[in-house]
Asks: 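Take this structure, written in structure tokens, and hold onto it; I'll ask about it next.
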Amino acid sequence: MARRPIPSRLTLKRLEQVMVSSTVLYAVRSDKTIVFNNESGNVTISVHDGLLRATATWHPRVPLRLADDLAQIFDDWNRRGNGLTAAGDQATLNGLIIVGAHSARPVEAGIDNDQLRHIMTDEITLCMEFLSFMEQIFPDTRFESVKKSGQGPAREPDANPYDERNPLVLFPEKLTRFSLETGDGTRPSPVTNVRLLRTLAGTGWVVQPQTSREDGYITRTDAGVLVGFSLADDHLRVEVPWNSRVEKREVRPQSLRATLRAVTGWNVDSRLLTMIVEPDDAPGDLQVERPVRVVAYGIWCLAAGVSDRQFTELVVEAAGEAEKFIQYCRSSFMKEEDDGAGA
């Protein structure tokens, strides 16, 4: 029985070797980023600053006048909870918005070929789904369909544009094992609730069970930020709510447009967590206009297993991003209140 290789450092050379075994037609840019195109956009895969990054860029540029409509469309996508963050960045020329989506996964602790194949299959498929989503939101009429206030997408997007495709055809054959660095450490193994609890407890943070689910935990980081960790269908989900009651700064529905702008600002530069807006479902008077709930989440597939070192790296990196998210919310949502106090 063949031994599974120990996770080792991910290099650009290894990334390209894995792509060679796929069915995807791709090119390698001068900066060693892997890129492939379809009619509606391009997808890039790269390794940078200890992160495996996947990015989808939609070819059309969107007029700046549609920035608010676009922010709502991004939030609709991001609330799907698939881990690919949609955002728009203003181009330097002609006041146009570049539309894209991105994801990142820490890989400083190493990765083996099976894990890499699973992750890249997921990320490439999600990137293609995002490009299809944008094509359906803006069909041939392009940007005429959302000019008017209150007008929704030209047509509802398919629940899953790739239902008829098997993502595993990206890597149809078992990967040929190429030379891997070896070293100390446990081999990747399935993630269980017991492992999740052990890993969280090992950080030294305060850990307690989530009251809403049996397979999740709430942690309080060294900076006092509450972060939820849970497992479902071989995925690790991290959730960080902006607790407006604790911070004494609620986000009201009438300020939703400004809130979505702040959401886009975070998501353009986010590393691991996606920021979304959703209705606050806390108990209260249904006749009273309710505040909205601002949340950041991250989701990562662990179907190929993770070593203890990989799992700890993911948990710690996500928690660090959670602390940055709370600081961002304080600076974004409390600014108005502070300005008012100083007036």
Asks: Would you say the side-chain atoms of Thr221 and Glu323 include a donor-acceptor pair closer than 3.5 Å?
Replies: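 Distance-only check passes for Thr221 and Glu323.
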Asks: Answer with yes or no whether the hydrophobic clustering places Ile299 together with Val295; edges join I, L, V, M, F, W, Y residues whose side-chain heavy atoms lie under 4.5 Å apart.
Replies: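 Both belong to a single hydrophobic cluster.
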Asks: Do Ser46 and Thr33 meet the criterion of a side-chain donor-acceptor pair at a distance under 3.5 Å?
Replies: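 Result is no, nothing qualifies.
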Asks: Taking side chain to side chain contact (heavy atoms under 4.5 Å, CB included) as the test, write out the residues that go with Glu108, two or more places apart.
Replies: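 By the side chain to side chain contact (heavy atoms under 4.5 Å, CB included) rule, Glu108 matches Glu313.
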Asks: Can you confirm whether Phe138 sits close enough to Val99 that some side-chain heavy atom of one is under 4.5 Å from a side-chain heavy atom of the other?
Replies: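 No, every pair of side-chain atoms sits at 4.5 Å or beyond.
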Asks: If we ignore hydrogens and angles and just use 3.5 Å, is the side chain of Arg14 paired with the main-chain N or O of Arg9 as donor and acceptor?
Replies: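 Pair found, side chain donor or acceptor close to backbone of Arg9.
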Asks: Grouping I, L, V, M, F, W and Y whenever their side-chain heavy atoms are under 4.5 Å apart, do Val238 and Trp205 come out in a common cluster?
Replies: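 Yes: a chain of side-chain contacts under 4.5 Å links Val238 to Trp205.
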Asks: Would you say His235 and Leu302 make side-chain contact, with heavy atoms under 4.5 Å?
Replies: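 Counting from C-beta outward, His235 and Leu302 never come under 4.5 Å.
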Asks: Taking atom CZ as the centre, does Arg220 end up with more than 12 heavy-atom neighbours from other residues, nucleotides or ligands that are less than 6.0 angstrom away?
Replies: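 Incorrect, the count does not exceed 12.
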Asks: What do you reckon, is CG of Asp31 surrounded by more than 12 foreign heavy atoms closer than 6.0 Å?
Replies: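 Counting neighbours around CG of Asp31, more than 12 heavy atoms of other residues, nucleotides or ligands fall under 6.0 Å, so yes.
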Asks: Looking at Ala318 and Leu272, what are the two nearest heavy atoms and their distance?
Replies: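 Of all heavy-atom pairs spanning Ala318 and Leu272, the closest is N-CD1, 4.0 Å.
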Asks: If you compare all heavy atoms of Cys301 against all heavy atoms of Arg105, which two are closest, and at what distance to 0.1 Å?
Replies: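 Between these two residues, the closest heavy atoms are O-NH1, 2.9 Å.
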Asks: As an exercise, state the distance from OG1 of Thr264 to CD1 of Ile97, rounded to the nearest 0.5 Å.
Replies: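 Between Thr264 OG1 and Ile97 CD1, I get 8.5 Å after rounding to 0.5 Å.
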Asks: Nearest 0.5 angstrom please: Asp122 CG to Met120 CE, how far?
Replies: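 Separation between the atoms: 11.5 Å.
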Asks: For Asn38 versus His59, what's the shortest heavy-atom pair and its separation?
Replies: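 Minimum heavy-atom contact is O-NE2, 3.6 Å.
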Asks: Same cluster or not: Ile326 versus Val277, using hydrophobic residues (I, L, V, M, F, W, Y) connected whenever any side-chain heavy atoms lie under 4.5 Å apart?
Replies: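 Yes, same cluster.
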Asks: Using the test side chain to side chain contact (heavy atoms under 4.5 Å, CB included), find all partners of Leu52 that sit at least two apart in sequence or belong to another chain.
Replies: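 Once residues adjacent in sequence are excluded, the partners of Leu52 under the side chain to side chain contact (heavy atoms under 4.5 Å, CB included) criterion are Leu10, Leu15, Ile45, Val47, Val107, Leu116, Ile119.
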Asks: Minimum heavy-atom separation for Asp112 to Asp114, with atom names?
Replies: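 Between these two residues, the closest heavy atoms are OD1-N, 3.0 Å.
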Asks: Between Arg237 and Glu239, is a salt bridge (Lys or Arg N to Asp or Glu O under 4.0 Å) present by the stated rule, with each step listed?
Replies: CA-CA 7 Å; Arg237 182 180 176 90; Glu239 184 170 305; 3.7 Å; yes
Asks: Out of curiosity, Arg53 CZ to Thr44 OG1, how far, rounded to the nearest 0.5 Å?
Replies: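 Answer for the CZ-OG1 pair, Arg53 versus Thr44, is 10.0 Å.
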Asks: Closest approach of Val227 and Ala322, non-hydrogen atoms and distance?
Replies: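 Scanning both residues, the minimum pair turns out to be CG2-CB, 3.7 Å.
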Asks: In Å and rounded to the nearest 0.5 Å, what is the CD to CD1 distance from Glu129 to Ile124?
Replies: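 Rounded to the nearest 0.5 Å, the CD-CD1 separation comes out at 12.5 Å.
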Asks: Do Asn267 and Asn78 come close enough that some side-chain heavy atom pair is under 4.5 Å?
Replies: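 With C-beta onward as the side chain, the pair touches.
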Asks: Evaluate Gln17 against Asn113 for side-chain contact (heavy atoms from CB on, under 4.5 Å), listing each step before the verdict.
Replies: CA-CA 10 Å; Gln17 285 177 307; Asn113 295 346; over 6 Å; no
Asks: To the nearest 0.5 Å, what is the distance between CD1 on Ile218 and CD on Gln210?
Replies: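 Between atom CD1 of Ile218 and atom CD of Gln210 there are 4.0 Å.
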Asks: Taking the side chain as C-beta and beyond, is there a heavy-atom pair between His102 and Ser270 under 4.5 Å?
Replies: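 The answer is yes, as the side chains (C-beta and beyond) meet within the 4.5 Å cut-off.
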Asks: Is there a donor-acceptor contact under 3.5 Å from the side chain of Trp266 to the main chain of Leu273?
Replies: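 At least one qualifying donor-acceptor pair exists.
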Asks: Could you walk me through whether Gln72 and Asp68 pass the side-chain hydrogen bond (donor to acceptor under 3.5 Å, both in side chains) test, one step at a time?
Replies: CA-CA 7 Å; Gln72 182 62 66; Asp68 290 335; over 6 Å; no
Asks: Is there side-chain contact between Met134 and Ser40, with at least one heavy-atom pair below 4.5 Å?
Replies: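 They are not in contact (no side-chain heavy atoms under 4.5 Å apart), so the answer is no.
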Asks: Would you say Val225 and Val240 make side-chain contact, with heavy atoms under 4.5 Å?
Replies: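 Val225 reaches Val240 side chain to side chain.
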Asks: Minimum heavy-atom separation for Gly88 to Phe74, with atom names?
Replies: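 Smallest interatomic distance, heavy atoms only, reads N-CE1, 3.1 Å.
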Asks: Under a 4.5 Å cut-off applied to non-hydrogen side-chain atoms, are Leu314 and Trp300 in contact?
Replies: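 Of all side-chain heavy-atom pairs linking Trp300 with Leu314, at least one is under 4.5 Å.
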Asks: Any chance you could lay out the side-chain contact (heavy atoms from CB on, under 4.5 Å) test for Arg198 and Asp308, step after step, and finish with the verdict?
Replies: CA-CA 10 Å; Arg198 186 177 71 235; Asp308 287 344; 3.6 Å; yes
Asks: Given the rule in the side-chain contact (heavy atoms from CB on, under 4.5 Å) test, do Thr199 and Leu197 qualify, once you have shown the distances and angles that lead to the verdict?
Replies: CA-CA 5 Å; Thr199 301; Leu197 176 58; over 6 Å; no
Asks: If the test is side-chain contact (heavy atoms from CB on, under 4.5 Å), which one of Asn42, Val43, Leu25 qualifies with Phe36?
Replies: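 It is Val43, the one option of Asn42, Val43, Leu25 that forms the side-chain contact (heavy atoms from CB on, under 4.5 Å) with Phe36.
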Asks: Go through the steps to decide whether Val294 and Met275 satisfy the test side-chain contact (heavy atoms from CB on, under 4.5 Å), and finish with yes or no.
Replies: CA-CA 7 Å; Val294 176; Met275 186 175 176; 3.4 Å; yes
Asks: What's the verdict on salt bridge (Lys or Arg N to Asp or Glu O under 4.0 Å) for Arg271 and Asp49, showing C-alpha distance, side-chain angles and the deciding distance?
Replies: CA-CA 11 Å; Arg271 294 173 71 251; Asp49 293 336; over 6 Å; no
Asks: Over 60° means perpendicular and under 30° means parallel, so tell me whether Phe130 and Trp77 are parallel, tilted or perpendicular.
Replies: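 Perpendicular: the ring planes of Phe130 and Trp77 meet at over 60°.
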Asks: Under the side chain to side chain contact (heavy atoms under 4.5 Å, CB included) test, which residues partner Leu196, sequence neighbours left out?
Replies: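 Side chain to side chain contact (heavy atoms under 4.5 Å, CB included) list for Leu196, sorted by chain: Asn193, Leu200, Tyr217, Phe229, Leu231, Leu236, Phe311.
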Asks: Determine whether Val268 and Leu126 fall in the same hydrophobic cluster, where Ile, Leu, Val, Met, Phe, Trp and Tyr are linked whenever their side-chain heavy atoms lie under 4.5 Å apart.
Replies: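 Val268 does not cluster with Leu126.
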Asks: Using modelled atom types and a 3.5 Å cut-off, is there a donor and acceptor pairing between side-chain atoms of Arg61 and backbone atoms of Trp58?
Replies: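 Yes, the answer is positive, given that a donor and an acceptor are paired below the 3.5 Å cut-off.
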Asks: Do Phe133 and Arg80 make a side-chain contact, defined as non-hydrogen atoms from C-beta onward lying under 4.5 Å apart?
Replies: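 Touching, per the 4.5 Å side-chain cut-off.
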Asks: I need the Ile276 CD1 to Leu260 CG distance, nearest 0.5 Å.
Replies: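 Going from CD1 on Ile276 over to CG on Leu260, the span is 11.5 Å.
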Asks: Could you check Arg117 against Glu123 for salt bridge (Lys or Arg N to Asp or Glu O under 4.0 Å), going step by step and ending with a plain yes or no?
Replies: CA-CA 10 Å; Arg117 175 176 57 84; Glu123 299 306 322; over 6 Å; no
Asks: Hydrophobic clusters here meaning ILVMFWY residues chained together by side-chain heavy-atom distances under 4.5 Å, can you tell me if Leu226 and Val207 are in one?
Replies: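 The answer is no; the residues belong to distinct hydrophobic clusters.
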